[in-house]
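Start at 1 with the first residue, then count along the sequence. Side chains included, hydrogens not; waters and symmetry mates left out as well; all remaining heavy atoms used.
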Amino acid sequence: MFTIHNTEKVSIDLVFITLPEASLSLWLIAAFVLGGLLGFMLSTVAVVALKARLMGSQRKINATSKELDQLRTASLKDAA
């Protein structure tokens, strides 16, 4: 129904370039798909960056836990 009601031809002027004439429904669907793809790509970059930070923090936690365990066992050995 959407494409049937939006059949008039329009050309898109993007200041530096003018896109060829096509139906309004085609341009709207193309903009929707392009926006979805760009949003997906940007969110993927953000998720990868956050996962990298999380892994770095987990490595720090593991190292700190090992150091704390070593200090605890060292103080027990010194007390005996």
Side-chain angles (χ1 to χ4, degrees):
M1 291 299 288
F2 178 76
T3 56
I4 293 171
H5 290 295
N6 293 297
T7 58
E8 59 190 64
K9 300 283 183 181
V10 294
S11 66
I12 307 292
D13 184 11
L14 299 174
V15 181
F16 298 111
I17 188 170
T18 302
L19 300 176
E21 279 194 5
S23 67
L24 179 61
S25 61
L26 178 68
W27 286 123
L28 289 173
I29 291 171
F32 179 74
V33 169
L34 182 63
L37 290 174
L38 285 174
F40 177 75
M41 288 173 29
L42 290 175
S43 65
T44 300
V45 168
V47 167
V48 167
L50 288 172
K51 283 188 178 187
R53 282 183 58 192
L54 177 63
M55 291 183 72
S57 296
Q58 286 175 340
R59 272 189 250 117
K60 273 186 175 180
I61 289 171
N62 289 337
T64 306
S65 294
K66 284 181 183 178
E67 182 180 359
L68 181 60
D69 289 340
Q70 288 174 353
L71 291 173
R72 283 182 180 156
T73 57
S75 66
L76 290 176
K77 289 179 184 175
D78 291 340

Discussion item. Applying side-chain hydrogen bond (donor to acceptor under 3.5 Å, both in side chains) as the test, list every pair that has at least one member in residues 23-33; sequence neighbours left out.
Written reply: Ser23-Ser25
Worksheet item: Out of curiosity, does Leu26 fall in the hydrophobic cluster containing Ile12 (side-chain heavy atoms, cut-off under 4.5 Å, transitive links)?
Response: no
Discussion item. Let me check something: do Ile61 and Leu71 share a hydrophobic cluster, defined by ILVMFWY side-chain heavy atoms less than 4.5 Å apart, either directly or through other members?
Written reply: no
Side-chain donor-acceptor distances from residues 29-54 under 3.5 Å, at least two apart:
residue: Ser43; atom: OG; partner: Gly39; partner atom: O; Å: 3.1
residue: Ser43; atom: OG; partner: Phe40; partner atom: O; Å: 2.9
residue: Thr44; atom: OG1; partner: Phe40; partner atom: O; Å: 2.7

Worksheet, complete the sentence: Rounded to the nearest 0.5 Å, the NZ atom of Lys66 sits from the CD atom of Gln70 at a distance of 8.5 Å
Worksheet item: Is Ile4 linked to Val10 within one hydrophobic cluster, defined over Ile, Leu, Val, Met, Phe, Trp and Tyr using a side-chain heavy-atom separation of less than 4.5 Å?
Response: no
Worksheet item: At their closest point, which heavy atom of Leu19 faces which heavy atom of Ser11, and how far apart are they?
Response: O-CB, 3.5 Å
